[in-house]
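Everything below concerns the one structure shown next.
Because the structure is predicted, anything quoted here is derived from the model rather than measured.
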Amino acid sequence: MFPVLAPAILALADGTVFEGVAIGSTGQTVGEVVFNTALTGYQEILTDPSYRQQIVTLTYPHIGNVGVNGEDIESGAVQAAGLIIKDLPQLHSNFRAGQSLGDYLRREGIVAIAGLDTRALTRRLREHGAQNGAIVALREGETLTDTVRAEAVAAARGAPSMAGLDLAQAVTTAQPYEWSETEWRLQREDGTRGYGRLAQPRFHVVAYDFGVKRNILRMLAERGCRVTVVPARTPAAEVLALRPDGVFLSNGPGDPEPCDYAIAAAATVIERGVPTFGICLGHQILALASGARTFKMKFGHHGANHPVKDLDTGRVSITSQNHGFAVDEASLPATLRATHVSLFDGTLQGIARTDRPAFGFQGHPEASPGPHDIAYLFDRFTALMAAAGK
């Protein structure tokens, strides 16, 4: 017998209420409701620190059919504030699966809802913009009332705005640590499966952790980088004292503008001429450190099917995206040039300094499970470090 699921609701700040069933923990959660168009990778999405304080709507209708496993996580815990899906299959099947998505959500204490019209919700977010919401999951036997609905709407309206919110400090590491794990392989030359280990480092990279995804670190290690990960507020002087070949500015959640500590550190590192690479929030911090501006997008970019054009080569890559802020191309100073643009809406996707070995990319070139079209940016970073070391 399949379990009887308890009722749940999603309430938006504009007063709209969707009804469904609870598929995670009971209780209430609030956050900015965004939609993601990826067909796969729900486990990576849930554990991506860039989704901190966001409730993720997955537009693909069937989520959970391959379960979850202990390897495909991008951080130490689920980071999303909640999950919204259309349908949760009662059965899952995959040779790597360790448990069902529902069991995983309950174990992690995540409030989630299924059974609502995610197409209607996505249209509302697309037309009116991302907004705060609240999921309320009741216990079995409890019923929805007008009071519950009204309290959920009030909770959504009372949630803090993402604009002006520094969340990097909420997800960063407390202490520095070393990273040498490389990318996952189904089968290696020695017959083993899984993640590898960096044997012969070629470069030393110091990575600022603003909410770093583990696969970013793996892709750096795969290319010969011994990585030292440091907390978000680490002063530039401490990073430079480590004598890195390069500095990496990681992805992360929230508004980049309040991260004045990170902007100041990045400016110092870049001016010293240390090769620097920024992804997502790190890309925005690099831009702000160079004199550009950022802005809050209407509903952001969240998905794994976003076409991006490389302005230097004309190459078009399908990319993974997760951001609600962007760099204003009109604000670029003379020391910054545009390198990539979105073919969805023309927003800026990549920048490079014209006077220093530093560049950034808005999307996620490390996307796991994919796409992998734009992973060449990691090679560009190692090439900069190799050139600087000559």
Tell me whether the rings of [X] and [Y] are parallel (<30°), tilted (30 to 60°) or perpendicular (>60°).
X      : Y      : answer
Phe359 : Phe277 : parallel
Tyr208 : Phe210 : parallel
Phe344 : His306 : perpendicular

Mind checking whether [X] and [Y] have side chains closer than 4.5 Å, heavy atoms only?
X      : Y      : result
Gln79  : Lys213 : no
Val212 : Asn251 : yes
Leu348 : Leu332 : yes

Can you tell me how far [atom2] of [Y] sits from [atom1] of [X], rounded to the nearest 0.5 angstrom?
X      : Y      : atom1 : atom2 : value
Asp312 : His340 : CG    : NE2   : 7.0 Å
Ser75  : Arg52  : OG    : CZ    : 9.0 Å
Gln362 : His283 : CD    : NE2   : 4.5 Å

| For the residue pair Gly363 and Ile279, what are the closest heavy atoms and their distance? | O-CG2, 3.3 Å

Does [X] pair with [Y] as a salt bridge, N-O distance under 4.0 Å?
X      : Y      : value
Arg353 : Glu271 : yes
Asp255 : Lys296 : no
Glu183 : Arg218 : no

| field | Expected output: side-chain Arg380 to main-chain Tyr376 donor-acceptor under 3.5 Å | value | no

